[in-house]
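As structure tokens, the structure follows; a few thoughts come after it.
Any value given below was found using the heavy atoms of this structure, including those in side chains, with hydrogens, waters and symmetry copies removed. Every number for a ligand or one of its atoms is a count from 1 in the order of the listing.
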Amino acid sequence: MTQQGSQKKVLLIFGTRPEAIKMAPLVKALQDESICFDTKVCLTGQHKEMLTPVMQFFGIQADYSLDVMTGNQSLYDLTAAIITALKPVLLDFQPDYVFVHGDTTTTMAASIASFYAGAVVCHVEAGLRTHNKLSPFPEEINRQLTSRIAGIHFAPTAKARENLLQENIRPNDIVVTGNTVIDALFWGIEHLENHTLSPELESIRDLIAQKDVVLVTGHRRENHGKGIIEICEALKKTAEIDNTLIIYPVHLNPNIQQPVYESLSGFNNILLISPLNYGDFLWLMNQSKLIITDSGGIQEEAPSLGKPVLVMRDTTERPEAVEAGTVKLVGTNQSLIYNEAHALLCDEQYYQKFSARTNPYGDGTACKIIVNHLKSLHCNGG
Ligand code: UD1
Ligand code: UDP
């Protein structure tokens, strides 16, 4: 029973693929504590096709589904649409706590709307910083704004906690948890045994087993235009390295789809495929020799799998994996990307230095720590 004799109302709001992956284990963990918490999920709809398979994979459901996504959406329209669409949800459920995750437009807009509704905002994956307003854009500012609004900050690492302390967030309001992505990863790996690969992946399973697979993803707004064109040129050259197969599940953003399909279609050693469901993607990460990406989440997952990652960004808010030696920043210069990829694919000793299995982002207990903290505030024996 709660101290007040009633459940606390908890709403998790998320909208994009990475938020869904990283919030899914927390949804389960909070729903397991139904004596203390009445937990509901609200999807903003910032993503559609890319988010549904995550919900299916983890077996979680939305209580509220908003429908804000438009093709090639602008930040202005998306932000306004999310805040407006959340009003009736917040007025209906009247949550005590709202959980948001990370640094997306959903995160920032949901934080401000929840603040208007008088809820305590709990920020998961708080405190990551590049301290560069323009990189990642607009995520660095989304995350900083969310820190100003949040009442409880769940920081994945000691470094993230340190960043928050430097911004005068009170120490008692910060809890270091590890990253929930590791909880998701462990849950996913455990459930891979029962997972059926999509026909598209199944049809290339044998080819994948014979080749050195380079797995590629990319979508960042700051890489649209010149950046993605440079990336494609680097991938064309990398595909010429002996025994290499590039597999690229292409993000649905039209600013990525159009240049990638235009530049990389028709090459023997480059497979452009649809975004994969999380189970397929975990399986493919495991089969890969090297990952080239601008994704945040993949920088956190890959070190656990012992896979070297080249990050096509100039800055990262995730320095822990760089320091651990499994992630290297290469920006979007085509020569730099190619030279590093060549070194990793052709020099075994160099490769070994990058492929140590380390886990700077946690041990899969982040959700437990978060739930226990919330229970300690409200539930007897929490
Ligand atoms: C957003 C997040 C970024 C996160 C990324 C994950 C912000 C500011 N950025 O990227 O931090 O890393 O999501 O992928 O919130 N689209 C579809 N179907 C989908 C999803 C997207 O068609 O299921 C297309 C639509 O045309 C949409 C476009 O992709 O308008 C861009 O989606 P959006 O969420 O705005 O992308 P980003 O802001 O670049
Ligand atoms: N991912 C996935 N299918 C794909 C590509 C990525 O399930 O085809 C997962 C990946 O494992 C990681 C997350 O999506 O957990 C990363 O999402 P994204 O790169 O879109 O966003 P970011 O992490 O950069 O915010």
Original post:
Does even one non-hydrogen atom of Arg220 get within less than 4.0 Å of ligand 2?
Top reply: yes
Original post:
Which residue and non-hydrogen atom of the protein lie closest to atom 32 (O) of ligand 1, and at what distance in Å?
Top reply: Gln73 NE2, 3.3 Å
**OP:** Please confirm whether Glu139 comes within less than 3.5 Å of ligand 1 when only nitrogen or oxygen atoms on both sides are compared.
**Re:** yes
Original post:
So, does Asn72 sit close enough to ligand 1 that a heavy atom of it is under 4.0 Å from the ligand?
Top reply: yes
Original post:
Counting both backbone and side chain atoms, is some N or O of Asp294 under 3.5 Å from an N or O of ligand 2?
Top reply: no
Original post:
Looking only at protein heavy atoms, which one is nearest to atom 20 (O) of ligand 2, and how far off is it?
Top reply: Arg17 NH2, 2.8 Å
Original post:
Are any of the N/O atoms in Arg221 less than 3.5 Å from those in ligand 1?
Top reply: yes
Original post:
Between Gly296 and ligand 2, is there a nitrogen or oxygen pair with a distance under 3.5 Å?
Top reply: yes
Original post:
Do any N/O atoms on Met50 end up under 3.5 angstrom from N/O atoms on ligand 1?
Top reply: yes
Original post:
ligand 1 and Thr16, any nitrogen or oxygen pair closer than 3.5 angstrom?
Top reply: no
Original post:
Looking only at N/O atoms, are Leu276 and ligand 2 under 3.5 Å apart anywhere?
Top reply: yes
Original post:
Any N or O on Asn277 sitting closer than 3.5 Å to an N or O of ligand 2?
Top reply: no
**OP:** List every atom of ligand 1 that sits less than 4.0 Å from any heavy atom of His251, numbering the atoms from 1 in the order shown and giving each element.
**Re:** 14 (O)
Subject >> Best match, Leu252, Val68, Asn253, Thr105: closest heavy atom to atom 7 (C) of ligand 1 >> reply: Thr105
**OP:** Using a 4.0 Å heavy-atom threshold (strictly under), name the region of Phe281 that reaches ligand 2: side chain, backbone, both or neither.
**Re:** side chain
Subject >> Nitrogen or oxygen of Thr217 less than 3.5 angstrom from that of ligand 2 >> reply: no
**OP:** Using distance alone, decide if ligand 2 has a nitrogen or oxygen within less than 3.5 Å of any nitrogen or oxygen in His251.
**Re:** no
Subject >> Glu301 contact mode with ligand 2 (heavy-atom cut-off under 4.0 Å) >> reply: side chain
**OP:** Give yes or no for whether the N/O distance cutoff of 3.5 Å, strictly under, is met between Glu49 and ligand 1.
**Re:** yes
Original post:
Do any N/O atoms on Pro249 end up under 3.5 angstrom from N/O atoms on ligand 2?
Top reply: no
**OP:** Would you check if the side chain of Lys40 reaches a backbone N or O of Val10 as a donor-acceptor pair within less than 3.5 Å?
**Re:** no
